[in-house]
Amino acid sequence: MRKIVEFFVRYPIWANAILIIIVIFGALSYTNINKSFFPELPPNRIAIRVTYPGAAPEEMEEAITIKVEEALKGITGIEEVTSTSSENSATINIETRDDYDIDEVLAEVKNAVDGIPSYPVGAEPPIVIKDRGSFSSRAAFLTLRGPNDLKALKEKAEQIESDLLNSGEISQVEVFGYPPLEISIEVNEADLQRYDFTFSQVANAVRFNNRDISGGSIKTSEEEIRIRANSREYAPEEIGRIVLRANPDGSNLLLRDIADVKFQFADTPNKSYSNGQTSISVSVLKLPEEDLQEISSFIGEYLDKFDAENENFELFASFDFNTLLQQRISLLTSNGLVGLSLVLVALGLFLSLRLSFWVAVGIPISFLGMFIVGSLAGITINMLSLFGMILVIGILVDDGIVIAENIYTHKEMGKSPTLAAIDGTMEVLPAVFTSVTTTIIAFIPLMLLDNQGFTTEMSIVVIACLAFSLVEAFFVLPSHLATGKAEDADHKPKKDRIRGGLDRGIKYLRDTIYGGVLKLLIQWRWVSFAIPVFIFMVVLGMIQGGLIKTTIFPSIPFDDFEVSLVLNPGTRENITEDYLHRFEAAVWEVNE
């Protein structure tokens with residue numbers, strides 16, 4: 001190892017080459033790393049959704065949910081199955097094992113669900129999809145509000161969806177917060193009796209006349225002509241012209257004569273309000289190859305443009321995931337600047353400005369090297385990887401400070417700068433290498449934990465930063481400090497009074513205060529050993545006794561809260577809305 005260090009010290013061009021390579025490729029890698037709120041994880045969940053209009057939650061569970069759960073038994077690759085039965089619908093969520101291909105499990109689940117023979121009459125076909133509903137794919141939640149006209153809001157929301165998808169920056173958009181549209185045929189009982197018609201006859205007339213029918217084909221010697229009757233209509237006016245009966249006088253009894261045909265929202269309790277106004281929500285998602293910051297920038301520009309062009313509507317971002325990410329990046333930047341400043345000031349006062357500069361260079365070099373590894377490993381800049389960067393920034397310069405201070409000490413002994421750089425580095429190399437590698441080893445198990453990748457990226461960031469800090473401290477730093485003149489401790493220039501006062505203060509703290517305490521602790525070594533053991537036992541007892549609380553994640557106060565209302569099944573939506581409006585009025589009253 002001494003020969004390698006000596007090579008870089010005597011030929012600093014190679015140390016500069018390493019520095020330039022890390023800077024260039026690190027900067028390029030940083031531009032290629034996408035930003036996301038949480039780590040981009042491959043999907044491991046399958047969702048089964050079944051709709052049964054008019055069914056109560058108990059019916060959904062007995063008729064659909066239990067049957068689906070029984071059909072899933074025996075399928076390999078399933079880790080856990082959870083289900084929710086609610087009014088009109090049921091959702092069954094499947095978590096797959098990491099060692100199984102989710103596409104193969106999806107195919108088996110779909111075959112099992114499609115093979116259930118006894119779905120209730122009126123239940124819609126089940127939908128089996130890979131669930132992408134985690135926050136790792138979310139970019140922003142938008143809220144559209146305006147006039148109390150749900151149809152106008154829906155049309156405007158569809159325009160927003162089309163604009164976002166045509167932007168080239170966004171490829172995944174979900175619009176929700178309103179009931180589905182349907183064609184409603186409302187039959188009057190008095191008209192049925194007057195025309196001697198039954199409801200079943202009306203339903204059959206619509207069923208048999210409003211559909212597309214294939215009538216085979218006619219084959220000739222030159223071509224084949226397919227026969228098909230295209231009679232399916234979606235406009236209420238056309239459906240109202242369906243003939244129910246031909247009268248003897250040549251007239252026809254049409255559907256519109258005994259029923260009102262409307263194109264309207266389904267009569268389901270699905271409504272959203274924002275500050276008392278009817279609203280619709282737009283969820284913007286992102287794919288792993290898309291960048292959260294670019295999506296957020298486009299959304300900000302689009303919101304300003306939309307509000308300027310639409311006076312009666314208001315579109316705003318109710319939650320932007322990039323905002324929290326930028327706050328974490330700002331925290332990292334401020335911590336990095338503070339760390340650089342402290343290193344420059346402290347080492348500049350106690351040793352030299354040139355030495356402090358090259359020690360401080362270790363922070364950006366370590367991060368640039370980490371970006372190279374992160375780009376190859378496929379990580380993103382997200383809340384967890386940024387947490388790793390903030391965590392490691394305080395310990396990146398520890399190895400550089402130790403090596404630089406020891407090189408400075410060897411220079412004070414009168415050694416040549418080259419020899420001082422080599423001897424100073426080799427003297428503390430085992431200790432520095434051991435201290436950094438023990439931290440790296442501590443993070444390796446976190447990188448290998450099976451916890452959906454939530455500590456993997458953080459561990460990669462910490463390990464890569466520490467590894468590159470070692471490379472910079474062992475090979476780059478000594479070569480840049482192997483210049484200048486040897487300094488004799490007994491013949492220093494006395495011109496710098498501030499530096500002299502600081503040196504005397506440090507010597508007093510080191511020799512008198514710290515040295516005296518150290519001698520006392522060595523004389524009473526068993527007492528010194530017993531005190532931390534005693535403190536450890538006291539803390540352990542406080543944890544076991546509940547005086548010190550433990551939790552996986554700290555309780556962070558948020559700037560919002562939620563009110564949940566549960567009513568008996570079958571309660572009409574107007575009663576629910578009345579409660580919600582009362583709650584909202586009470587909130588505004590408290591706010592005033």
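All values reported here derive from a predicted model rather than from experimental measurement.
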- Task: Take Leu144 and Phe316 through the side-chain contact (heavy atoms from CB on, under 4.5 Å) test and state the conclusion after the steps.
- Result: CA-CA 7 Å; Leu144 173 68; Phe316 62 94; over 6 Å; no
Does atom [atom1] of [X] have more than 12 heavy-atom neighbours, drawn from other residues, nucleotides or ligands, at distances under 6.0 Å?
X: Leu376; atom1: CG; result: yes
X: Ile548; atom1: CD1; result: yes
X: Arg2; atom1: CZ; result: yes
X: Tyr514; atom1: OH; result: no
X: Tyr508; atom1: OH; result: no

- Task: Could you list all the side-chain hydrogen bond (donor to acceptor under 3.5 Å, both in side chains) pairs where at least one residue sits in residues 431-445, not counting sequence neighbours?
- Result: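 Matches after skipping sequence neighbours: none remain.
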Can you tell me if [X] uses its side chain to pair, donor with acceptor, with the backbone of [Y] under 3.5 Å?
X: Thr512; Y: Leu509; value: no
X: Arg328; Y: Met383; value: yes
X: Asn406; Y: Gly424; value: yes
X: Glu290; Y: Leu287; value: yes
X: Ser528; Y: Leu521; value: yes

Closest contact, heavy atoms only, [X] versus [Y]:
X: Leu355; Y: Leu481; result: CA-CD2, 4.0 Å
X: Trp358; Y: Glu472; result: O-OE2, 3.6 Å
X: Ile22; Y: Gly369; result: CG2-N, 3.7 Å
X: Val461; Y: Met389; result: CG1-CG, 3.5 Å
X: Ser564; Y: Glu562; result: OG-OE2, 3.4 Å
X: Leu303; Y: Ala317; result: CD1-N, 3.8 Å

Under a 3.5 Å threshold, yes or no: a donor from one side chain and an acceptor from the other, between [X] and [Y]?
X: Asp320; Y: Ser296; value: yes
X: Asp163; Y: Ser167; value: no
X: Arg10; Y: Thr418; value: no
X: Asn382; Y: Glu457; value: yes
X: Glu405; Y: Thr409; value: yes

- Query: For the residue pair Phe321 and Phe319, does the interplanar ring angle fall in the parallel (under 30°), tilted (30 to 60°) or perpendicular (over 60°) class?
  - Reply: perpendicular
- If the plane angle is over 60° it's perpendicular, under 30° parallel, otherwise tilted; pick one for Tyr302 and Phe298.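 If you compare the ring of Tyr302 with that of Phe298, the planes turn out parallel.
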One thing to verify: whether [Y] and [X] come together as a salt bridge, which I'm taking to mean a side-chain N less than 4.0 angstrom from a carboxylate O.
X: Asp291; Y: Lys286; value: no
X: Arg45; Y: Glu80; value: no
X: Lys73; Y: Glu69; value: no

To the nearest 0.5 angstrom, please state how far the [atom1] atom of [X] sits from the [atom2] atom of [Y].
X: Gln172; Y: Ser283; atom1: CD; atom2: OG; value: 10.0 Å
X: Cys465; Y: Ile440; atom1: SG; atom2: CD1; value: 10.5 Å
X: Phe474; Y: Leu470; atom1: CZ; atom2: CG; value: 5.0 Å
X: Asp423; Y: Met413; atom1: CG; atom2: CE; value: 9.5 Å
X: Ile94; Y: Ile75; atom1: CD1; atom2: CD1; value: 6.5 Å
X: Ile46; Y: Leu72; atom1: CD1; atom2: CG; value: 9.0 Å

- Task: In sequence, state the C-alpha distance, the side-chain angles, and the governing distance for Asp103 and Val105, and then conclude on side-chain contact (heavy atoms from CB on, under 4.5 Å).
- Result: CA-CA 5 Å; Asp103 293 322; Val105 179; over 6 Å; no
- Message: Is there a side chain to side chain donor-acceptor pair (under 3.5 Å) between Gln293 and Asn322? Walk through the geometry before answering.
- Response: CA-CA 6 Å; Gln293 187 172 1; Asn322 186 58; 5.7 Å; no
Just wondering, do [Y] and [X] contact through their side chains at under 4.5 Å, heavy atoms?
X: Thr425; Y: Phe8; answer: no
X: Lys110; Y: Val113; answer: no
X: Ile78; Y: Glu95; answer: no
X: Leu315; Y: Thr143; answer: no
X: Leu19; Y: His480; answer: yes
X: Pro478; Y: Ile407; answer: yes
X: Ile531; Y: Phe534; answer: no
X: Leu325; Y: Leu292; answer: yes

- Task: Could you walk me through whether Leu164 and Val282 pass the side-chain contact (heavy atoms from CB on, under 4.5 Å) test, one step at a time?
- Result: CA-CA 10 Å; Leu164 295 178; Val282 180; 4.2 Å; yes
- Message: Test side chain to side chain donor-acceptor pair (under 3.5 Å) on Ser366 and Ser469; report intermediate values, then the result.
- Response: CA-CA 5 Å; Ser366 300; Ser469 73; 4.6 Å; no
Please tabulate, one pair per line, all N/O donor-acceptor pairs under 3.5 Å involving side-chain atoms of residues 336-346, not counting sequence neighbours.
from: Ser341; atom 1: OG; to: Leu337; atom 2: O; distance (Å): 2.8

- side chain to side chain donor-acceptor pair (under 3.5 Å) filter on Asp101, not counting sequence neighbours, yields none
- Message: Using side-chain contact (heavy atoms from CB on, under 4.5 Å), reason through Val428 and Phe433 one step at a time and then give a plain yes or no.
- Response: CA-CA 8 Å; Val428 295; Phe433 181 79; over 6 Å; no
